[in-house]
Participant: 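Handing you a structure now.
Naming: A, B, ... by sequence-line order, numbering from 1 per chain. Worth knowing before you read on, the calculation uses all heavy atoms, side chains too, and leaves out hydrogens, waters and symmetry mates.
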Amino acid sequence: MNHGTALLWKRRALSSLSATRRGLPKEKMSENGIMSRAKVLTIDTMNPTVKKVEYAVRGPIVQRAVELERELSEGMKKPFAEVIKANIGDAHAMGQQPITFFRQVLALCSYPELLSDSTFPEDAKSRACRILQSCGGNSMGSYSASQGIDSVRQDVARYIERRDGGVACDPDNIYLTTGASDGIVTMLKLLVCGEGTTRTGVMIPIPQYPLYSAALAELGAVQINYFLNEEKCWSLDITELQRAVNEARQYCNPRALCIINPGNPTGQVQSRQCIEDVIRFAAKERLFLMADEVYQDNVYAEGCQFHSFKKVLFEMGPEYAETVELASFHSTSKCYMGECGFRGGYMEIINMDDEVKDQLTKLLSVRLCPPVPGQALMDLVVNPPQPGEPSYGSFIKERTATLSALAEKAKLTEQVLNTVQGISCNPVQGAMYSFPRITIPEKAVKEATEKGQQPDMFYCMKMLEETGICLVPGSGFGQKDGTYHFRMTILPPTDKLKILLNKVKEFHQRFTQQYS
Amino acid sequence: MWNVKQLEYGALARRANQIKDELRQGVRKPYKEVIDVFQGDLHRAGMKPLTFVRQVLTACVYPPLINSSNLPLDVRQRAQEELGRCVGESGYYNQTSQIKLYCQFCNVQDIHSTEMRFAHCNILNVLVNREASPRTGVLIPVPCHNKTVLSITQLGAVAVPYYLSEEQGWALQVEELQRALESAKGVCNPVALYVINPGNPAGYVQSQKSVLEVIRFAWEKRLFLLVDELYQDCVYGENCEFVSYKRAVSEMGPPFSGTVELASFHSVSKGFSGECGLRAGYVELVNLDPAVMKYINTLFSKDACSPVLGQIALDLMTDPPKPGDPSYLLYKQVGPENCTLVYVKKVHEVVNSLPGFSCPPIEGGLFAFPRLHLTPKAIQKAKELGLQPDTFYCTRLLEEGGVFTGPGWEYGQKEGTYHIRYNTSRALFKELLRRLSSFHMTFMKDFS
């Protein structure tokens with residue numbers, strides 16, 4: 001028997017090796033014929049639902065962007081001088097300035113010795129003292145209660161009451177969270193149960209923010225897509241919701257409806273009428289409403305206004321206000337704050353069964369508590385400087401400057417992209433992104449398919465390699481079959497954004513030409 | 001045994017908060033304040049944050065302070081460095097979930113900075129197959145931190161207990177690991193072995209011999225090693241030394257060094273920093289299948305990032321001031337003093353001098369977990385009230401002594417034994433021991 005045959009014999013013997021208690025081989029043959037030990041944790045033994053989890057915002061295109069940055073820093077020549085990460089809604093990374101007052105208070109909380117420093121304004125000092133008094137050992141380094149610091153939750157409740165024109169808010173319904181994502185995933189964990197046709201189905205918009213699809217995949221829940229209407233500025237159609245839920249009832253148990261308002265990636269701001277219709281629909285179909293409202297201050301388009309689901313629900317009277325179950329989410333990561341790194345957030349839960357609330361409390365307690373600096377920051381967001389206070393003037397100035405810059409950039413983006421043949425961009429009514437539709441020539445679609453890539457991923461990868469601009473392909477958010485998009489943030493400073501938009505324009509024209 | 005549906009577990013905390021409120025409102029009690037030693041929360045228990053850490057953090061949060069001569073030079077330089085790594089000056093998401101760590105044996109690619117519970121959850125999530133039959137099993141020590149049990153059962157896995165030997169100073173015996181594994185036959189499919197070293201709540205520090213035995217066992221039985229090393233800076237026992245599993249695996253050489261699959265966890269919450277509220281730590285992954293790493297990276301990426309202030313604190317923890325730095329002397333003086341032998345020895349002495357109380361030497365970690373030898377009368381009374389006997393004791397200790405501790409049943413213990421857990425931090429420990437002794441003598445007398 002020669003060596004090759006001996007190896008073959010060994011391989012055959014291996015394949016019929018009696019299983020271990022897991023039914024998997026303990027050993028495997030490596031390339032050079034040496035027996036090596038199979039790992040405990042492999043693609044085959046790992047949790048299969050994790051394999052379905054994808055998060056396009058930081059997916060393969062971003063990994064390539066990071067590689068390119070490294071190559072640039074090592075002196076490699078590229079057709080661009082820098083990589084521009086217009087993929088992620090990270091305002092400070094793109095140059096947006098933090099609010100001075102917030103940072104002053106947080107600095108005082110971090111190092112209270114500064115309370116004797118006269119360069120800090122009095123209102124910042126009094127806010128800091130109040131926050132520290134609510135912390136164990138007067139330190140932000142102490143655990144807080146799992147539901148969040150009591151005084152912060154009360155401040156959040158008062159903020160919501162003010163925002164919603166006096167509609168009452170019970171602090172007990174407020175849960176502080178680690179960014180909004182934490183709250184959203186926790187609620188989904190509570191909602192998901194059942195097997196087979198009784199498995200929980202969760203309705204999400206298409207296009208959506210991929211945290212939702214990732215969480216549903218991880219939890220093994222059924223994703224029920226409802227399509228936003230691109231022709232009508234990404235509006236939400238009740239008939240489409242009805243279609244989606246009717247179909248879904250055949251193979252799962254729809255229990256929740258997720259709305260992102262203002263929208264991500266689409267930027268649409270729902271009208272009040274639409275919100276009422278959605279609430280009526282949720283009541284009729286017995287769906288738990290999840291309202292992701294993290295962009296509530298990012299509303300730019302004329303005629304558009306943010307209406308909170310909570311407010312509208314209560315204004316619809318007791319028939320709905322006392323029965324529709326709702327969770328609404330907010331965060332310190334967006335709006336005019338842009339403090340993503342602090343991981344601050346809250347959720348307000350309405351009409352939840354008391355026993356389920358107890359289970360929610362238990363679930364939240366596993367992660368002990370949300371980051372205390374984030375809770376402190378949330379306290380400042382809901383309790384900013386008031387007229388008459390020393391920091392009021394500069395606070396308003398900074399906030400106005402940030403929001404109006406965003407409004408300007410939203411308009412600019414829509415304008416420039418719409419001048420490009422083959423790109424069509426709906427008005428960016430709110431949030432921080434544009435989600436234009438792009439026409440990709442057949443030839444390019446073909447080449448992409450041959451490479452095993454989504455056509456818009458192929459497009460975006462090419463754009464990255466040629467211009468250094470990192471966007472996220474529409475396939476990462478979901479889109480109607482046969483349509484292609486990309487998501488680009490409106491966050492870079494105006495002059496840089498202008499350059500970016502022109503580069504995108506030029507690239508698109510080149511690309512179209514190349515594949516015509 | 002770990003009765004996770006039972007909500008009695010939140011009741012003591014609620015009552016403690018109520019009493020704190022009552023005291024604030026001026027209600028008269030036999031004590032002026034509640035000594036809260038329930039959690040491993042050092043700042044709450046009175047430990048002061050490290051000046052160097054807080055100075056750097058404050059300068060990172062409010063960069064104009066970098067030019068302030070009120071802050072030492074090394075603080076300002078460090079803040080500048082940290083901000084240099086943050087693209088948007090600390091308010092931003094990190095690019096990836098990886099941070100630079102100063103660590104002798106570390107390969108940066110395999111480290112994820114994270115909020116601790118997300119770390120545990122993400123790794124467990126990859127290991128636990130909800131759809132598998134039989135269900136995935138994870139071996140867990142008894143006693144163990146109750147949150148860990150919850151996070152395992154929440155994923156649909158089975159927690160398989162292995163008992164640490166209280167008589168041998170909470171030693172981890174391989175025969176017991178074997179027994180636990182046997183007990184899982186027909187019940188579940190054990191894939192991982194969870195170890196806490198130094199222990200929580202029991203204050204043991206595993207010997208090098210024990211660490212090697214466990215590694216060998218895990219290797220032979222094909223178990224993924226999950227090692228919680230949060231208390232690695234809290235080691236007091238004479239002749240005790242913290243041996244990291246990563247280092248032990250590497251020093252064992254082949255075949256172990258290249259094949260034992262290991263996730264080890266650390267955090268800024270404990271040790272010298274005690275910065276629990278910042279919620280940061282890291283997990284180091286060793287010998288994992290690169291194909292699986294890809295999915296782990298995706299899981300971490302969708303968690304946005306761990307709080308940036310926490311990441312900075314983590315970096316400062318792993319790279320503290322050095323001799324010659326302006327902040328070095330103060331750091332050296334206060335840091336290690338926060339975790340010291342003196343109080344722990346005293347705690348051990350006092351507790352063991354009380355009748356009805358016994359406690360092995362506290363070698364490390366942040367807690368004492370003494371055994372309560374309750375009389376049948378006390379146990380009977382507890383049953384009448386519908387309480388676990390150790391919860392009954394802790395409730396009385398809270399009401400009458402103003403000390404908030406944790407009952408042993410929450411952590412798991414051998415049937416018929418009772419314990420309490422409290423943190424052994426330095427602040428207020430004298431008062432704590434005085435109140436505990438006084439209450440305990442009265443209690444034992446009442447139920448004799």
Participant: Tell me, for A/L377 versus chain B, whether the close heavy atoms (under 4.5 Å) come from the side chain, the backbone, both or neither.
Facilitator: neither
Participant: Supply the atom-to-atom distance B/Q39 CD to A/S142 OG, rounded to the nearest 0.5 angstrom.
Facilitator: 8.0 Å
Participant: For A/C135 and B/H43, run side-chain contact (heavy atoms from CB on, under 4.5 Å): C-alpha distance rounded to whole Å, both residues' side-chain angles, the deciding distance at 0.1 Å, then the answer.
Facilitator: CA-CA 9 Å; A/C135 296; B/H43 293 193; over 6 Å; no
Participant: Considering residues, nucleotides and ligands other than A/E355, do more than 12 of their heavy atoms fall under 6.0 Å from its CD?
Facilitator: no
Participant: Can you tell me how far apart CG (B/L278) and OG (A/S139) are? Round to the nearest 0.5 Å.
Facilitator: 7.5 Å
Participant: Distance check, rounded to the nearest 0.5 Å: B/F224 atom CZ versus A/T45 atom OG1?
Facilitator: 10.0 Å
Participant: I'd like to verify something: which residue of B/E275, B/K185, B/Q154, B/R54 has the highest number of heavy-atom pairs under 4.5 Å with chain A?
Facilitator: B/R54
Participant: Heavy-atom count around B/Q18 CD within 6.0 Å, excluding the residue itself: above 12?
Facilitator: yes
Participant: Below 4.5 Å, heavy atoms only, C-beta onward: do A/Y111 and B/L71 meet side chain to side chain?
Facilitator: yes
Participant: Nearest 0.5 angstrom please: A/D117 CG to B/S68 OG, how far?
Facilitator: 6.5 Å
Participant: Which heavy atom of B/V292 sits nearest to which heavy atom of A/L41, and what is that distance?
Facilitator: CG2-O, 3.6 Å
Participant: With distance as the sole test, does B/R222 use its side chain to make a donor-acceptor pair with the main-chain N or O of A/A38 at under 3.5 Å?
Facilitator: yes
Participant: Between A/R37 and B/P255 (side chain of the first, backbone of the second, donor and acceptor by atom type, cut-off under 3.5 Å), is there such a pair?
Facilitator: no
Participant: Within the structure provided, determine whether A/L114 and B/L65 are in side-chain contact (heavy-atom separation under 4.5 Å).
Facilitator: yes
Participant: Could you tell me which portion of A/L211 (side chain, backbone, both or neither) has an atom closer than 4.5 angstrom to a non-hydrogen atom of chain B?
Facilitator: side chain
Participant: For the atom pair CD (A/E218) and CG (B/N122), what is the distance rounded to the nearest 0.5 Å?
Facilitator: 6.5 Å
Participant: Got a second to check how far B/K294's NZ is from A/Q63's CD, nearest 0.5 Å?
Facilitator: 9.0 Å
Participant: Please rank B/N125, B/L127, B/N17, B/T298 by heavy-atom pairs under 4.5 Å with chain A and give me the top one.
Facilitator: B/N125
Participant: Could you look at B/N70 and say if it's the side chain, the backbone, both or neither that has a heavy atom under 4.5 Å from chain A?
Facilitator: side chain
Participant: Counting heavy-atom pairs closer than 4.5 Å to chain A, which one of B/G277, B/A291, B/G156 comes out on top?
Facilitator: B/G277
Participant: Do you know which two heavy atoms are closest between B/E261 and A/V40, and how far apart they sit?
Facilitator: OE2-N, 2.6 Å
Participant: Indicate yes or no: at least one non-hydrogen side-chain atom of B/T58 is less than 4.5 angstrom from one of A/E113.
Facilitator: no
Participant: Just give me the residue among A/A65, A/A107, A/P48, A/G95 that pairs up with chain B most often, heavy atom to heavy atom, under 4.5 Å.
Facilitator: A/A107
Participant: What residues form a ring pair (Phe, Tyr, Trp, His ring centres under 6.0 Å) with A/Y143, not counting sequence neighbours?
Facilitator: none
Participant: Which answer fits B/Q55, side chain, backbone, both or neither, if we ask what part of it has an atom under 4.5 Å from a heavy atom of chain A?
Facilitator: both
Participant: Non-hydrogen atoms of chain B under 4.5 Å away: do they reach the side chain of A/T49, the backbone, both or neither?
Facilitator: side chain
Participant: With a 4.5 Å heavy-atom cut-off, do B/Y295 and A/N47 have their side chains touching?
Facilitator: no
Participant: Using non-hydrogen atoms and a 4.5 Å limit, figure out which bit of B/L155 sits close to chain A: side chain, backbone, both or neither.
Facilitator: neither
Participant: Would the distance check show the side chain of B/R279 and the main-chain N or O of A/C369 forming a donor-acceptor pair, the cut-off being under 3.5 Å?
Facilitator: yes
Participant: Between A/K362 and B/L150, is there a donor-acceptor pair closer than 3.5 Å when you use the side chain of the first and the backbone of the second?
Facilitator: no
